Structures are given as structure tokens and as C-alpha cells.
Amino acid sequence: RNGRAATYRNLVATMLVAALWHGASWLFVLWGAYHAAILVLYRAARRTRQFGEYSPPEGYFAPRIAKLLGTACFFHLVVFGWLLFRADSLHQVTSLLAAVFTHFLPGDYATIGELLLRMIPCLAMLFVIEGFQCRKNNVLVIMSWPTPIRLFVYTLITVGLLVSLANSRVPSPFIYQ
């Protein structure tokens, strides 16, 4: 209501207060400042996209692809911020980042190939759905399916992904330990 500057100031203040609520540590403050920064950037980018000179390209997929990429990018920025939230020190943050970018293997998988092999059934299901979409020339063809069938397909995909990725023999520690 009181302009963009007030909105951005309120976002920063809210995230810093939320950070201090989680604990009196400089990493929490850094986490709050980081999230405030990405929220301000998100709001500014969204405003530019909606009211500025930017107009999405013509066609059915271009705006949706741009939105999907933006959502994926923002998701990964938020997940990166969780490293600051979870770590005990900045050294641990850099160690975790090094582990993510140099030897990423979720669970106890021996190779990336083994991980991909476990995901093939789920990926096959997604390709079948995409085939239906292409054949009908309608991306939203799934929405015309009866709700029980859609729920069954979504459940199959979700359970399949969870089973394929849940291979760790050691339980993961809770974030607040």
C-alpha cells in the first residue's frame, strides 16, 4: 500500500525477525538476510514482468516454460538458503556445497547409473503421460481424466519416486538436532 520501498523494507524486517526467532546465531541472521534478498529480487522481477516493458513471447509454451524455469530457479535458491539454516558454521556450509557439487550421490547408491535405473519406471510413466498429451495435442488432457484415475497415476508416480530414492540404510537426522 505504501509503495515498493515499504514492501521491501517490511520483507527484510520480517525475515530478520524470523531469523532471530530461530536462534541467536549469525548464521540464522545470514539466512534471514539471504531470504529477504531473494524475496525482494523475486518481487522486483515479478513486478518488472507484469508491469514493465517485458512481454512474454507469443505461443502456448513460452510463458509457461519461463514460469517453470523461474519457479525451479527460486526453489533452488531457497534450498541453498537451507544450508545456512542447517549448518553449524560457515566452514560447514562450504563443505556441504563442495559435497553437493563434487560427489553428489543420494542415499547409498554406488553410481549415478544405479540411481537412474531405479527411476526408470517413474520416468516411463511420465513419458506415457506426455505421449497422451502429444497424441491429443492438448497439454491438459490429464485434467479431463476422471479424478480417481488422475489420483491413481499421481500416487503411482509419487510412490515410485519415493521408493526409488529411499535407499539409505541410515535415517536422516532431523534439521533441529
Side-chain angles (χ1 to χ4, degrees), residues 1-107 112 115-116 119 122-123 126 129-130 133 139-140 142-143 150-151 154-155 157-158 161-162 164-166 168 171-177:
R1 291 181 212 197
N2 296 325
R4 280 182 276 163
T7 299
Y8 298 155
R9 179 197 66 227
N10 293 341
L11 279 171
V12 170
T14 301
M15 291 310 298
L16 290 176
V17 168
L20 290 173
W21 178 80
H22 280 290
S25 163
W26 283 111
L27 280 177
F28 287 123
V29 173
L30 188 60
W31 170 78
Y34 171 78
H35 274 280
I38 62 174
L39 283 171
V40 166
L41 288 173
Y42 170 77
R43 296 282 298 230
R46 188 180 70 178
R47 183 171 177 79
T48 302
R49 227 177 28 246
Q50 288 177 348
F51 304 109
E53 297 178 17
Y54 172 80
S55 63
E58 293 296 323
Y60 186 72
F61 288 107
R64 286 172 178 77
I65 289 173
K67 185 175 182 177
L68 178 67
L69 291 176
T71 301
C73 180
F74 193 76
F75 171 78
H76 284 89
L77 288 172
V78 169
V79 170
F80 171 78
W82 290 346
L83 291 175
L84 296 170
F85 187 85
R86 173 64 175 95
D88 295 325
S89 66
L90 280 177
H91 181 274
Q92 190 177 23
V93 171
T94 57
S95 297
L96 289 169
L97 281 174
V100 166
F101 288 111
T102 58
H103 48 81
F104 172 72
L105 285 174
I112 292 290
L115 175 63
L116 291 175
M119 292 177 62
C122 299
L123 293 173
L126 293 175
I129 291 171
E130 188 172 346
Q133 292 170 332
V139 177
L140 301 176
I142 297 171
M143 300 309 290
R150 276 197 337 260
L151 289 175
Y154 296 155
T155 303
I157 292 171
T158 303
L161 281 172
L162 291 174
S164 69
L165 295 175
S168 179
S172 298
F174 187 65
I175 192 169
Y176 286 111
Q177 280 188 350

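Here the structure is a predicted model, which is why all the values come from computation and not from measurement.
Summarising the geometry, atom CG belonging to L41 is positioned 9.0 Å from atom OH belonging to Y8; distances are rounded to the nearest 0.5 Å. With rounding to the nearest 0.5 Å, the separation of CE in M15 from CG in L20 is 11.0 Å. One finds the CG atom of L39 at 12.0 Å from the OG1 atom of T7 (value rounded to the nearest 0.5 Å). With values rounded to the nearest 0.5 angstrom, L30 atom CG is found 6.5 Å from L90 atom CG.
The two residues L151 and T155 make their nearest non-hydrogen contact at O-OG1, 2.7 Å. In plain terms, the two heavy atoms of A87 and L27 that are nearest each other are O-CD1, 3.4 Å. In terms of heavy-atom proximity, Y34 sits nearest to L77 at OH-O, 2.8 Å. Contact record, G81 with H35: CA-NE2, 4.0 Å, taken as the closest heavy-atom pair. Annotation for A36 and V12: closest pair CB-CA, 3.6 Å, computed over non-hydrogen atoms.
Using a 30° and 60° split on the angle between ring planes, F74 and Y42 fall in the tilted class, from 30° to 60°.
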